[in-house]
K.L.:
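Here it is: the structure, laid out below.
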Amino acid sequence: MKRLLIVYHSLTGGTEQLVTAAAGGARREAPDVDVRALTAPQAGPEDVLAADAYVFATPENLAAIAGLMKDFFDRCYYPVLGRIEGRPYATLICAGGDGSNAARQVERICTGWRLRAVAPALIVCTHAQTPEDILAPKQIPADELKRADELGAALAAGVAMGVF
């Protein structure tokens, strides 16, 4: 059975909503693909090695990926280096700003792993700029959740059909 691994961190719920949507789309579109969503602290090299495709989902924190996502990549980078080339991935970013730097960080790490991006990073901007807004629970709009659902569905379908 093919496996889609979703690794994420979410402090205020926005990224987790995107992950739930992406996982739901993947499960609906490709029921024969095992979809595993793990928080960054839960995921390790063995999970990365066991997967056929990936979604990396992170909030943008201080114009960068979340620290726990960085920790995940730090723990997994060398143990899987040279062992996962060519596998497909997608990125979800929940940002208060434009999210582009966080997306670039994930892309650079995945380039080092020689993974293949199958879609541009999906960046959802919450426009949270004050300390109160940044720390407040997020509610992602339905149209953005639909985009995450479609991304998960497309990635899982591609994996199931052997396109990726």
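Nothing here was measured: the structure is a model prediction, and the numbers come from that model. What you see below is based on every heavy atom in this structure, not just the backbone, and it leaves out hydrogens, waters and symmetry mates.
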K.L.:
Among the clusters formed by ILVMFWY side chains lying less than 4.5 Å apart, do V80 and Y89 turn up in the same one?
P.N.:
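Yes, V80 and Y89 fall within the same hydrophobic cluster.
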K.L.:
Taking Q129 for its side chain and G96 for its backbone only, find out whether a donor-acceptor pair lies under 3.5 Å.
P.N.:
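Checked: pair present.
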K.L.:
How would you list all residue pairs meeting salt bridge (charged side-chain N to carboxylate O under 4.0 Å, His left out) that involve residues 39-65, not counting sequence neighbours?
P.N.:
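Listed once each, the pairs are R36-D47.
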K.L.:
Kindly say whether the aromatic ring centers of W113 and Y78 come within a distance under 6.0 Å.
P.N.:
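So the answer is no for these two rings.
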K.L.:
Between R104 and E107, is there a salt bridge with N-O shorter than 4.0 Å?
P.N.:
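R104 and E107: not salt-bridged.
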K.L.:
Short question: side chain of Y54, backbone of V48 - any donor-acceptor pair under 3.5 Å?
P.N.:
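Between the backbone of V48 and the side chain of Y54 there is a qualifying donor-acceptor contact (under 3.5 Å).
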K.L.:
What's the separation between atom CG in L68 and atom CZ in F73, rounded to the nearest 0.5 Å?
P.N.:
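L68 atom CG to F73 atom CZ measures 12.0 Å (nearest 0.5 Å).
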K.L.:
Checking the side chain of Q42 only, and the main-chain atoms of T39 only, is there a donor and an acceptor separated by less than 3.5 Å?
P.N.:
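Yes, Q42 side chain to T39 backbone: donor-acceptor pair under 3.5 Å.
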K.L.:
Kindly give the heavy-atom pair with the smallest separation between A136 and T12, and that separation in Å.
P.N.:
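What the structure gives for the nearest pair is O-CB, 3.3 Å.
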K.L.:
Of the non-hydrogen atoms in C76 and G44, which two are nearest, and what is the gap between them?
P.N.:
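Taking C76 first and G44 second, the nearest heavy atoms are SG-C, 3.4 Å.
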K.L.:
Measuring from atom CZ of R87 to atom CG of L5, what distance do you get when rounded to the nearest 0.5 angstrom?
P.N.:
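Atom-to-atom, R87:CZ and L5:CG are 10.5 Å apart.
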K.L.:
Would you find a donor on one side and an acceptor on the other, under 3.5 Å apart, between the side chain of T91 and the backbone of A103?
P.N.:
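Such a contact is absent between T91 side chain and A103 backbone.
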K.L.:
State, with a plain yes or no, whether a side-chain heavy atom of H9 is found less than 4.5 Å away from one of E16.
P.N.:
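Answer no - side chains too far apart.
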K.L.:
Working to the nearest 0.5 angstrom, can you tell me the gap between R116 CZ and C110 SG?
P.N.:
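Those atoms lie 13.0 Å apart.
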K.L.:
Could you state the interatomic distance from CD (Q105) to OG (S100), rounded to the nearest 0.5 Å?
P.N.:
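Going from CD on Q105 over to OG on S100, the span is 10.0 Å.
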K.L.:
Can you name the nearest heavy-atom pair linking A157 to E29, along with the distance?
P.N.:
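Looking at all heavy atoms of both residues, the shortest contact is CB-CG, 3.7 Å.
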K.L.:
Is it true that a side-chain atom of D34 and a backbone atom of K2 form a donor plus acceptor pair closer than 3.5 Å?
P.N.:
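Checking the backbone N and O of K2 against the side chain of D34, no donor-acceptor pair under 3.5 Å is found.
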K.L.:
Shortest non-hydrogen contact from A66 to T58?
P.N.:
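Heavy atoms only, the tightest pair is N-OG1, 3.0 Å.
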K.L.:
Between T20 and Q17, do the side chains contain an N or O donor and an N or O acceptor separated by less than 3.5 Å?
P.N.:
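Side chains of T20 and Q17: no pair found under 3.5 Å.
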K.L.:
Does a side-chain heavy-atom distance below 4.5 Å link P88 with L115?
P.N.:
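Not in contact.
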K.L.:
Which pair of non-hydrogen atoms, one from R28 and one from A153, has the smallest distance, and what is that distance?
P.N.:
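Shortest heavy-atom contact: NH2-CB, 4.0 Å.
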K.L.:
Connecting only ILVMFWY residues whose side-chain heavy atoms lie within less than 4.5 Å of each other, what is the rest of L18's hydrophobic cluster?
P.N.:
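Hydrophobic cluster check, L18: joined to L4, I6, Y8, V19, V33, V35, V55, L92, V118, L122, V124, I140, L145, L151, L155, V159, M161, V163, F164.
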K.L.:
Looking at R114, is its backbone amide N or carbonyl O close enough to the side chain of E85 to form a donor-acceptor pair, meaning the two atoms are under 3.5 Å apart?
P.N.:
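Side chain of E85 to backbone of R114, a donor-acceptor pair under 3.5 Å: no, none is there.
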K.L.:
Please, which pairs that meet salt bridge (charged side-chain N to carboxylate O under 4.0 Å, His left out) have at least one residue in residues 70-83, sequence neighbours excluded?
P.N.:
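Checked against salt bridge (charged side-chain N to carboxylate O under 4.0 Å, His left out) - neighbours excluded - the pairs reaching residues 70-83 are K70-D74, D71-R75.
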K.L.:
Are more than 12 heavy atoms from other residues, nucleotides or ligands located less than 6.0 Å from atom CG of L62?
P.N.:
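Count not over threshold, so no.
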K.L.:
At their closest point, which heavy atom of T15 faces which heavy atom of C94, and how far apart are they?
P.N.:
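For T15 versus C94, the nearest heavy atoms are OG1-CB, 3.3 Å.
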K.L.:
Please check if I123 and I109 belong to a single hydrophobic cluster, counting links between Ile, Leu, Val, Met, Phe, Trp and Tyr side chain heavy atoms closer than 4.5 Å.
P.N.:
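Different hydrophobic clusters.
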